[in-house]
S.K.: 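I'd like to ask some things about the structure below.
Here is the naming used below: chain letters follow the sequence lines, and residue numbers restart at 1 for every chain.
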Amino acid sequence: MTANPALPAAVSPTSTDGATLHRPVIDWFDAHARDLPWRRPEAGAWGVMVSEFMLQQTPVSRVLPVYEQWLARWPRPADLAAEPPGEAVRAWGRLGYPRRALRLHGAAAAIRERHGGDVPTDHAQLLALPGVGEYTAAAVASFAYGQRHAVLDTNVRRVFARAIAGTQYPPNATTAAERKLARTLLPDDEHTAARWAAATMELGALVCTARTPACVRCPIVAHCAWQGAGAPEHEGPPRRGQTYAGTDRQVRGKLLAVLREAITPVAQASLDQVWDEPVQRARALDGLVADGLVEPLAGGYYRLPLT
DNA sequence: GATCCGTGGCG
DNA sequence: TCGCCAAGGAT
């Protein structure tokens, strides 16, 4: 990694190092961490994994009720794997991105087949599961099994961007420099590293928030490069806004909402009512079928997938 | 690396 | 009101 002339003092050894931050951040976490169900010991690795799938791009408040119902119905991976994938899609409700439900079902099946029904402890084996990427593999290994991994989600990236790099926001896509920084800042001790991972995420979620950070409540504000620089506004191109109205995603959502509520197969004519434009409507439905979220039947009927 | 993939709350 | 944002992953 080459020195960035735009960030002189921010990354210099005179500002701070990881060890300086560990204690105040972890102490703050011990005092202020939310009591979330997937953080309780009884959640187990499966509970942690379910929560991580649901929390991908979805706020905690909306995940909570679905998570409780999900774990009550499918307390082990094999319980979910025994059901049709469409049941996972139905139980997913309105969490959004329903392909996650399909992947979670697929992960449960893989856990049953390849790991004897137990969520694997090995990072590489976690990463090989459907729907498990770099972040989720590290999160499950760290939160469920107490291992030492750099857990780099949007919260942690924002905390590091401000505290270390001195910028308001991290880059749009995760960079090699960010990964290296996260590894450098990771405490040596395994248990402490796992606490650090959870603590930095929580700090980003509760204090170092995207819109209006509560710096007066920040345990490391005295070490924060961004605050030290006067909290400069983000420069450069705007961070990609995601339009939704009128997109295929909206149409897919409307189609799938009908199918989730239906116990019996749904006729084409019923699906046609959710969107006027026929070309886009057909494209959206084809996409759902291609993704395995919808199963086409003879005679123009559709349902959530049984296989 | 850019794009696609849902949904809803909030300032 | 409406753009922004929320514990990403797959292609």
S.K.: Can you tell me if A:Tyr97 touches the phosphate of B:dT7, counting only side-chain N or O atoms and a distance under 4.0 Å to OP1 or OP2?
M.R.: no
S.K.: Would you say A:Gln69 has more than 12 foreign heavy atoms packed within less than 6.0 Å of its CD?
M.R.: no
S.K.: Given salt bridge (Lys or Arg N to Asp or Glu O under 4.0 Å), test A:Glu202 with A:Arg39 step by step and report yes or no.
M.R.: CA-CA 12 Å; A:Glu202 191 78 337; A:Arg39 285 180 178 161; 2.7 Å; yes
S.K.: Students often mix this up, so state it plainly: with edges at 30° and 60°, are the rings of A:Phe160 and A:Trp196 parallel, tilted or perpendicular?
M.R.: parallel
S.K.: Contact list please: residues 135-156 of chain A against DNA chain C, heavy atoms, distance less than 4.0 Å, in numerical order.
M.R.: A:Tyr135, A:Thr136, A:Asp153, A:Thr154, A:Asn155
S.K.: Quick one, which residues of residues 51-68 of chain A touch DNA chain B with a heavy atom under 4.0 Å?
M.R.: A:Gln57, A:Thr58, A:Arg62
S.K.: Roughly, in whole Å, what's the span from CG in A:Leu36 to P in C:dA6?
M.R.: 16 Å
S.K.: Between P on C:dG9 and CG on A:Leu102, what's the gap in Å once rounded to a whole number?
M.R.: 17 Å
S.K.: Quickly work out the A:Leu203 CG to C:dA7 P distance and round it to whole Å.
M.R.: 12 Å
S.K.: Under 4.0 Å between a side-chain N or O of A:Tyr244 and OP1 or OP2 of C:dC4?
M.R.: no
S.K.: Does the side chain of A:Gln56 come under 3.5 Å of the side chain of A:Tyr135 through a donor N or O and an acceptor N or O?
M.R.: no
S.K.: Check the surroundings of atom CD in A:Glu134: do more than 12 heavy atoms from other residues, nucleotides or ligands lie under 6.0 Å from it?
M.R.: no
S.K.: For A:Arg100 and C:dG8, is the shortest distance between a side-chain N/O and OP1 or OP2 below 4.0 Å?
M.R.: no
S.K.: Between C:dA10 and B:dG8, how many Å separate the two C1' atoms, rounded to a whole number?
M.R.: 24 Å
S.K.: When all nucleic acid strands are considered with a 4.0 Å heavy-atom cut-off, which category describes A:Glu134: base, sugar-phosphate, or nothing?
M.R.: sugar-phosphate
S.K.: Which heavy atom of A:Trp70 sits nearest a heavy atom of A:Leu104, and at what distance?
M.R.: CZ2-CD2, 3.6 Å
S.K.: Just to verify, what does A:Asp272 make a salt bridge (Lys or Arg N to Asp or Glu O under 4.0 Å) with, not counting sequence neighbours?
M.R.: A:Arg281
S.K.: By nearest heavy atom, map A:Arg211 and A:Arg39 onto DNA chain C; which one lands nearer the 5' end?
M.R.: A:Arg211
S.K.: Whole Å only: how far is the CZ atom of A:Phe29 from the C1' atom of C:dA7?
M.R.: 12 Å
S.K.: Would you indicate what A:Gly96 reaches in the nucleic acid, counting non-hydrogen atoms under 4.0 angstrom: base, sugar-phosphate, or nothing?
M.R.: base
S.K.: How do A:Trp38 and A:Val132 order along DNA chain C: which one's closest nucleotide is nearer the 5' end?
M.R.: A:Trp38
S.K.: If I pick the C1' atom on B:dG6 and the same atom on C:dA6, what distance separates them, to the nearest angstrom?
M.R.: 12 Å
S.K.: So with a 6.0 Å cut-off around CG of A:Asp276, is the heavy-atom count from everything else above 12?
M.R.: no
S.K.: Could you check whether A:Arg158 gets within reach of a base, just the sugar-phosphate, or nothing at all, counting any heavy atom under 4.0 Å?
M.R.: sugar-phosphate
S.K.: Which of these nucleotides, C:dA7, B:dG8, B:dG6, is closest to any side-chain atom of A:Arg94?
M.R.: B:dG8
S.K.: For the pair made of CG in A:Leu126 and C1' in C:dA7, what is the distance, rounded to whole Å?
M.R.: 16 Å
